[in-house]
Amino acid sequence: MIGACGIVEAAPAAKGDFVTVNKTHFARKGQAYYIVGANFWYGGYLGAAGGVGERARLLKELDNMKAIGINNLRVLAVSEKTDMKSAVRPATTNAPGQYDEELLTGLDFLMAEVAKRDMTVVLYLNNFWQWSGGMTQYLNWFEGTPALDPNVTKDYDTYMQKTAGFYRNAAAQAEYRNVIAKIVKRVNTITGKPYAEDTHIMSWQLANEPRPGNGNATPEEKAVYVKWIDDVAGYIHSLDRNHLVSSGSEGLAGSAQDAQLYLDAHRTKNIDYLTYHLWPKNWSWFDSNNPTGSWDNAITKSRDYLNSHIELAKKLGKPIVLEEFGLDRDGPSFSIKSTTHIRDRFYREVFEIVATRAQKGDPIAGFNFWAWGGAGRAANADYWWKPGNDFVGDPPQEEQGLYSVFDSDVTSLVLIKEYADKLHAIKR
Ligand SMILES: O=C1NC[C@H](CO)[C@@H](O)[C@@H]1O
């Protein structure tokens, strides 16, 4: 397009080029759009020009994901510098108002390469958990409370209850909105395209796994949480009329097992689709030291979780994406030399329910497995991450190899491709 001053400008994207919601499904470029996704939290980190950047690896990872039919990536867009031991370093926010432009340019590079492969990205703007600083770090900045790493204290209940204080802290919310505006209104330094006009962003996501507090969240805490989701999602839409907004919720496991809360938190018109996550080992449904004895319990509860949330999506008349799920390697082991028979069996169970119900026209719109490890490799005998080590699918608060799908996990990659083909074949 020739602009007024004779300079060739990119034509503004057509609305249909963005991922949109069509009743209980996604649409993109006039077609039904199903999510065959990977969690790739560190994609922006690999895109940095220096420091932690590994652009050659990033291109190879994107090509390998594209080759097995992956069309969507779920990526950490913002991290906060923190003293918490099990958090990633560096961070995109060093302190309130102080941002790491080199790291943010890494996100620009990722988005430029994603566009070349016609993939889409969900960008989450905060984290309920400590591995990227997250909401707890905001409270350290604005309440002066110590950022207590639950990997150290082993007290997750107290961590969750205190972290939910983020929603009520006006100063923390103001800085959070400053950061949201900085990213949503950002102009990509590689492509020159405003993020708000980038059709390869599928959705802005409030946070990774925001919870109302711990499992005993009070009615007041739940009300604060519902209002926070509505307010922040509305704020994002006020900045960007093109993109979808999602919460990043895990579903009932992240809603104090309160289905009414999950419905109330996602009923707002400001939330365009639902999300849920499935973690049989984390939730103690599956014991990887007793796989045979715990499999039936784990798969029965998993099937119920998968199906019941699709029914909740029907109630709200919105699409739902299973945007995280995983299981550890046989053994259990963190080593890439170990097999993944049990995980592959679990993945197939999950994929079969998602694909079958999607083919039936139910509001399940796809999946993102957790998480792409690709060519990354654990560097230390204890499998814990240290600055300078490869990034893998497991963030620094977990052993490097716990849930990652590596490029050497051939049976898993073949399985993902098998179901990618099924979802991509759905015409609506
Ligand atoms: O968002 C998340 N959900 C579960 C993952 C695996 O335990 C975890 O690494 C991450 O914080």
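Note that ligands are numbered from 1 as they come in the structure, with each ligand's atoms numbered from 1 the same way.
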Trainee: Number the atoms of ligand 1 from 1 as they appear, then name those within less than 4.0 Å of a heavy atom of Gln397, with their elements.
Mentor: 8 (C), 9 (O), 11 (O)

Trainee: Quick test: of every protein heavy atom, which one is nearest to atom 9 (O) of ligand 1, and how far off is it to 0.1 Å?
Mentor: Glu398 OE1, 2.6 Å

Trainee: Hey, which of Trp370, Tyr276, Phe286, Phe351 is the one that makes ring pair (Phe, Tyr, Trp, His ring centres under 6.0 Å) with Phe325?
Mentor: Phe351

Trainee: Which heavy atom of the protein is the closest neighbour of atom 11 (O) of ligand 1, given with residue, atom name and distance?
Mentor: Trp131 NE1, 2.8 Å

Trainee: Looking only at heavy atoms, is any part of Ala371 under 4.0 Å from ligand 1, and if so is it the side chain, the backbone, or both, or is it neither?
Mentor: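 Neither part.
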
Trainee: To the nearest 0.5 Å, what is the distance between CG (Leu244) and CG (Asn270)?
Mentor: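 Between atom CG of Leu244 and atom CG of Asn270 there are 12.5 Å.
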
Trainee: Is any NZ, NE, NH1 or NH2 atom of the basic residue among Asp407 and Arg377 found under 4.0 Å from an Asp or Glu carboxylate oxygen of the other?
Mentor: yes

Trainee: Using a 4.0 Å cutoff against the non-hydrogen atoms of Asn208, which atoms of ligand 1 qualify?
Mentor: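 Listed by number with element: 1 (O), 2 (C), 11 (O).
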
Trainee: Is the shortest side-chain N to carboxylate O distance from Glu101 to Arg186 below 4.0 Å?
Mentor: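 Salt bridge present between Glu101 and Arg186.
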
Trainee: Does the residue Glu250 have a heavy-atom contact with ligand 1, meaning some pair of atoms that are separated by less than 4.0 Å?
Mentor: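 Distance cut 4.0 Å: Glu250 fails for ligand 1.
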
Trainee: Where's the contact between Asn282 and ligand 1, heavy-atom distance under 4.0 Å: side chain, backbone, both or neither?
Mentor: side chain

Trainee: Is the shortest distance from a Lys or Arg side-chain nitrogen in Asp344 or Arg348 to a carboxylate oxygen in the other one below 4.0 Å?
Mentor: no

Trainee: Provide the number and element of each atom of ligand 1 under 4.0 Å from a heavy atom of Trp129.
Mentor: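 Listed by number with element, the hits are 11 (O).
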
Trainee: Do the charged groups of Lys66 and Asp118 touch, with an N to O distance under 4.0 Å?
Mentor: no

Trainee: Could I get the full list of side-chain hydrogen bond (donor to acceptor under 3.5 Å, both in side chains) partners for Tyr305, not counting sequence neighbours?
Mentor: none

Trainee: Would you mind telling me if ligand 1 is within reach of the side chain of Glu324, the backbone, both or neither, using heavy atoms under 4.0 Å?
Mentor: side chain

Trainee: Report yes or no: does Glu209 have a heavy atom closer than 4.0 Å to ligand 1?
Mentor: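 Judged by the 4.0 Å heavy-atom criterion, Glu209 does count as contacting ligand 1.
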
Trainee: Between Arg343 and Asp409, does any side-chain N to carboxylate O distance fall below 4.0 Å?
Mentor: yes

Trainee: Show me which atoms of ligand 1 lie under 4.0 Å from any heavy atom of Pro395.
Mentor: 9 (O)

